[in-house]
Each structure stands twice: as C-alpha cells, then as structure tokens.
J.: 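Next up is a structure, given as structure tokens.
Chain letters run A, B, ... following the sequence lines, proteins first, then strands; residues in each count from 1.
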Amino acid sequence: MSRAQELLRGLVNCESRPHLERRLESGERLRVKWGIDPSAPDLHLGHTVPMRLLRRWQAAGHLPVLVIGDYTARIGDPSGRSATRPQLRTEQVEANARTYLDQLFCVVDPDQVEVRRQSEWYDGFDLAQVLRLANAATVAQLLQRADFEQRMRARLPVGVHELFYPLLQGYDSVAVEADVELGGSDQLFNLLRGREVQIAYGQPPQDIVTVPLLEGLDGERKMSKSLGNAVAVADPPEQQFGQLMSLPDQLILRYLELLTDASPEQLSELRRELDLERLNPRDAKASMAQLVVSGLHGEAAALAAREEFFRVHRDHQLPSRVAEVRLPARPQWDPRDLLVAAELARSRSEAGRLVSAGAVQLGGSRLADWRRPVTVEAGDVLQVGSHRAVRLLPG
RNA sequence: GGGCGGGUACCGAAGUGGUCAAACGGGGCUGACUGUAGAUCAGCAGGCUUUACGCCUACAGGGGUUCGAAUCCUCUCCCGCCCA
C-alpha cells in the first residue's frame, strides 16, 4: 500500500483524489484544516473519527490546522433550532473552545498542530468584506444544499444567516491557506464551497477529504448530542462502556472500523466468527467497547469498566461503588418518601409506580406494596432496577 | 403589505364543547426472558392525598362565552406556505 493509499484508507470521498494522492506522495507538508464550532462543550465519538484520521496524518508529517468556530458559535448555531436560542457569550464560547481542545488532545498530538480562531479574521470584517464574500456564491448555489431543501419542504424555518455558513466556513480556508480540508460526509457541500471561495480569492482550491458519519447509539441517525444518541469523549469510562453495550449488534463492526485501530484482516475474521455464531455478539461488543474506551481513557480504565459492567448487568450484582445517602432516622418510612429522599424517584407518584412495577429492593428484598411502611437499617442498600442503587446511612 | 394554514405531554402526531391527564408511534422507565443497558414479549406514563373513577395543575400567552373548553369568541406572541 502506498503512502497515499494508507492515509486515505477507509474514506468515503475525496475531491480530487488523483490530485491529492500526487501531493501526498510528493513529501510536501500539507496544511490539513479541520473546523469545529464550540457551541456545546462536549465532543463525542463521532468527532473522534476525523480526529483519529488527523493523528494518522500527523504521524505522516502533515500539519493539522484546527479552526475553532468561535465566531459562528457566537452567532448561535441555527440547526435544530426549536426556540430563539440565547446567543452564546464570548466567555462561554472561549470556555467551550478550551474544553474542546483538551478533549481533542486525547487523540491528536498537541505538539503537531496549529490552532486558529475565526475571530482572528472575522472580528475586523467590515461590510465591504461581507459583500465581497457574499459575492462568492449565488442564492441558487446555496439553496441547492440538501438539508435546506428538506427543511423548506418540511416547512421548517431557514434563517438568512444560515446561508452564510458555507461562505464563512469557506473563507476560513482562505484565511488559514488550507491545502486540504477534512470533514464528515455531511460537510461535503460546505467543503466544496470552500474551494469556490478560495478560487474567488485567488487561492488554489483545497483538496477535500470526507470521513463517514458515525451512527449514534440508536443505530439509525448520525451521532449527535442533541439527538441523545451520543457517547461523549469526556464521559467517565464506565458510562461509555455501558452506552457502547447498548449499541445494536449490527453496528459492532462499524464501530470497530471507525473508532479503533483494528485492521481490515481482524475485522473480516471477526465478521466470519459472528456469522458462524462461534462468537457471542455480547462478547464481541464488549471487546469493541473496551478498545474504544481504552483509546480515550487508557487500558486499565477500560478493563475496570468492562468488569464493572459484567458484574452489574450479566451477574446481577450490586455496583462495586454505591453512592451513599444520609437520611434522618425514622422508625418507619413510607417507601415513596424513602425513594424521593434518596433521589431515586422524582415524585411520590413515580416512586409508587416503581414499587408497583416490582422495581424496588431494600436490603436485598423486593418491596411489594408502597402502602406498607418499611424500616431502614443503617447501611441498607436501596435499589431501583438493576443499576441504580444507594446505600442508606443515618445522618 | 395581502391571503391562507398552524402552535397539544420529551419528540412526532390524533383530538373541533362534557365519557380528555388527553388516542397512536418513537424515545424513556420497569418487569419477564436472554446472549448485554442488544433482541423479543409485557407493564408504566403531570402532581398531591386518607389511592378515590378525589383534589390541584396542564393542550403557546392574556381575556371572554358556557353549568362545562384542548375544542367556541377575542386580543397578543411565535411558525410555515402563497402572492407582492
């Protein structure tokens, strides 16, 4: 496999591939732009797909240029807007940007990057420059974008400022003189626009590399924090492990391919084992989860997370670390008050329902009826379902 | 600026005067089973209480009609479409 082929392995799309391969073979140090909007403080596993690619390119001697979208994030990300969103304040954006970088450097080598912020060039942008930028595309070109079209058809709002997104992102490429821009496959439109903007400003157009979008835990839609199907990079290892175990079985190989260093040979071997049912999908999934978690938190943490998961969910034992709750001493408790006091139920009504459903155990025995008061011994464990439990202490 | 159509629980979406705390689907929670928080099947679904077909709060917001309103009227706010 040539150097270029190695760097482009597993990618869905390049523009233009022959040109990019030539440049990769030339030994040139390429400036590889990757942009992120710090509109929310957390990166998730979907972001680590391009991050992992950047690391590979770093190893081959190229320079990632990370563009922090502090400007577009400050305006407010209009996608998925359900109400007028409060504009993010500068400090908030800056704080987000910092946690972003911390998370990024879990994967990307912090010594081999250039970090840039949009504010470097947009703070001083005047109207003449805005108009010149706006002249780099026509309305028809901007509206042909698939998600605008879908939203218009679905009678959802499309803000005027959203039309500027591709232009702003494109101008970023001009500002940082990008040779290559990396993005998710949903970014193709914006990335291509970047080429046109560069041409309009007299620069050679960047090459484009798009990586596949990672499906979220629901197995259907792309991973996104707002869809609630994401695993955050900063989440604790046990939580990540558990979330990964809730993945539909058919995505095990996909996650291995996009989120770990598993080789194509290992993947096809694993596929064969699963097809022949020689391997329990649960165990394959656990191996995947362990690899992914160890990539972010290290091997020891990943192993501990795996053991804890099996202990609680396969062997149905109490979690090894149970939170402690201090309660006033009372001779008897209404089970509902007890659940609310332990923060295992939001209301007495909900607590009553949980007891009726047979979900609640106190000191190892199942509560049958919320009407029957219970006595609490110091150190008793109150448990709801299989994995929510607290130890009750007098206080 | 004009015309039209909308705003219902976490999301989508029924419901056009009482039997609506509100169908159905998704998501969520719980149980059974299992091979995992996966799959499948079942249950739960605002709050409070003396757990009763009791009370309070709730169908964008305010005001009104009515014995009674998510449903009718009115004003306000928000959104979409078409025309200009």
J.: Rounding to an integer number of Å, can you tell me how far A:Asp337 CG sits from B:G47 C1'?
T.: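 In whole Å, B:G47 C1' and A:Asp337 CG are 14 Å from each other.
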J.: Counting only side-chain nitrogens and oxygens, does A:Ser347 get under 4.0 Å of the OP1 or OP2 atom of B:C48?
T.: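 Checking A:Ser347 against B:C48: at least one side-chain N or O falls below 4.0 Å of OP1 or OP2.
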J.: Look for any protein N or O under 3.5 Å of an N or O in nucleotides 37-45 of chain B and output each such pair with its distance, or none.
T.:
unit_1: B:A37; atom_1: O2'; unit_2: A:Ser246; atom_2: N; d: 3.4
unit_1: B:A37; atom_1: N7; unit_2: A:His313; atom_2: NE2; d: 3.0
unit_1: B:G38; atom_1: O4'; unit_2: A:Lys285; atom_2: NZ; d: 3.2

J.: Applying ring-ring contact (aromatic ring centres under 6.0 Å, His included), name anything that partners A:His387, two or more places apart in sequence or on another chain.
T.: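 Checked A:His387 against ring-ring contact (aromatic ring centres under 6.0 Å, His included); matches are A:His313.
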J.: Can you check the distance between B:G46 and B:C10, where both ends of the measurement are the P atom (answer in whole Å)?
T.: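 The answer is 10 Å between these two P atoms.
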J.: Please report, to 0.1 Å, the donor-acceptor pairs under 3.5 Å made by any side chain of residues 319-326 of chain A, with sequence neighbours excluded.
T.:
unit_1: A:Ser320; atom_1: OG; unit_2: A:Glu308; atom_2: OE1; d: 2.8
unit_1: A:Ser320; atom_1: OG; unit_2: A:Glu308; atom_2: OE2; d: 3.4
unit_1: A:Arg326; atom_1: NH1; unit_2: A:Pro394; atom_2: O; d: 2.8

J.: Could you identify the nucleotide paired to B:C59, looking across every strand shown and requiring Watson-Crick or G-U wobble geometry with both distances under 3.5 Å?
T.: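 Pair assignment: B:C59 / none.
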J.: Provide the distance between the two P atoms, one in B:U16 and one in B:C11, to the nearest whole Å.
T.: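 Each nucleotide's P atom is 23 Å from the other's.
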J.: Of all residues at least two apart in sequence or in a different chain, which pass the salt bridge (Lys or Arg N to Asp or Glu O under 4.0 Å) check with A:Asp235?
T.: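 Salt bridge (Lys or Arg N to Asp or Glu O under 4.0 Å) check on A:Asp235 returns nothing, list empty.
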J.: Sequence neighbours excluded and cut-off under 3.5 Å, please list the side-chain donor-acceptor pairs for residues 356-375 of chain A, or say none.
T.:
unit_1: A:Ser356; atom_1: OG; unit_2: A:Gly352; atom_2: O; d: 3.0
unit_1: A:Ser365; atom_1: OG; unit_2: A:Leu362; atom_2: O; d: 3.3
unit_1: A:Arg366; atom_1: NH1; unit_2: A:Gly358; atom_2: O; d: 2.2
unit_1: A:Asp369; atom_1: OD1; unit_2: A:Arg371; atom_2: N; d: 2.9
unit_1: A:Asp369; atom_1: OD1; unit_2: A:Arg371; atom_2: NE; d: 3.3

J.: B:U50, B:G35, B:U30: which one has an atom nearest the side-chain heavy atoms of A:Pro281?
T.: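 Within the option list, the nearest is B:G35.
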J.: Quote, to the nearest angstrom, the P distance that separates B:U71 from B:G64.
T.: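 These two P atoms come out 15 Å apart once rounded.
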J.: Roughly how far apart, to the nearest Å, are B:G47 and B:A21 at atom P?
T.: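 Straight-line distance between the two P atoms is 16 Å.
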J.: Is the shortest side-chain heavy-atom distance between A:Trp333 and A:Leu327 below 4.5 Å?
T.: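 A:Trp333 vs A:Leu327: side chains touch.
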J.: Using heavy atoms to find the nearest nucleotide of RNA chain B for A:Ala359 and A:Asn280 separately, return the residue whose nucleotide is more 5′.
T.: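 So the residue in question is A:Ala359.
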J.: I need the CG-C1' distance between A:Leu339 and B:C48, as an integer number of Å.
T.: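 Whole-Å distance recorded here is 17 Å.
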J.: Nearest whole Å is fine: how far is B:U30 C1' from A:Arg366 CZ?
T.: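 Answer to the nearest Å: 10 Å.
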J.: Tell me whether the rings of A:Tyr122 and A:Tyr171 are parallel (<30°), tilted (30 to 60°) or perpendicular (>60°).
T.: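 A:Tyr122 and A:Tyr171: tilted rings.
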J.: Strictly by Watson-Crick or wobble contacts shorter than 3.5 Å, is anything paired with B:G5, and which nucleotide is it?
T.: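 Across any shown strand, B:G5 pairs with B:C79.
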J.: Could you tell me how far B:C53 sits from B:C41 if I compare only their P atoms? Round to whole Å.
T.: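 So the two P atoms sit 34 Å from each other.
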J.: Taking the same atom, P, in B:A39 and in B:G54, what whole-Å distance lies between them?
T.: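 Pairwise P distance, B:A39 against B:G54, rounds to 40 Å.
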J.: In Watson-Crick or G-U wobble terms, both distances under 3.5 Å, what is the partner of B:U66?
T.: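 Answer to the pairing question: none, since B:U66 forms no Watson-Crick or G-U pair.
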J.: Just how far, in rounded Å, is P of B:G26 from CG of A:Asn229?
T.: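 That distance rounds to 17 Å.
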J.: Mind checking what makes ring-ring contact (aromatic ring centres under 6.0 Å, His included) contact with A:His297, not counting sequence neighbours?
T.: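 Testing A:His297 for ring-ring contact (aromatic ring centres under 6.0 Å, His included), a comparison that skips the adjacent residues, returns none.
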J.: Whole angstrom is fine here: how far is it from CG in A:Asp315 over to C1' in B:G35?
T.: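 It is 13 Å, rounded to the nearest whole Å.
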J.: Just wondering, do A:Gln203 and A:Ile199 contact through their side chains at under 4.5 Å, heavy atoms?
T.: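 Side chain of A:Ile199 against side chain of A:Gln203, heavy atoms only: no contact under 4.5 Å found.
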J.: Using the C1' atom in both, what is the distance from B:U8 to B:C78, to the nearest Å?
T.: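 My reading of the C1' atoms in B:U8 and B:C78 gives 15 Å.
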J.: Would you measure the distance from the C1' atom in B:G18 across to the matching atom in B:A22 and give it in whole Å?
T.: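 To the nearest whole Å, 14 Å.
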J.: Tell which nucleotide pairs with B:C44, taking only Watson-Crick or G-U wobble pairs whose two distances are both under 3.5 angstrom.
T.: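 Across any shown strand, B:C44 pairs with B:G28.
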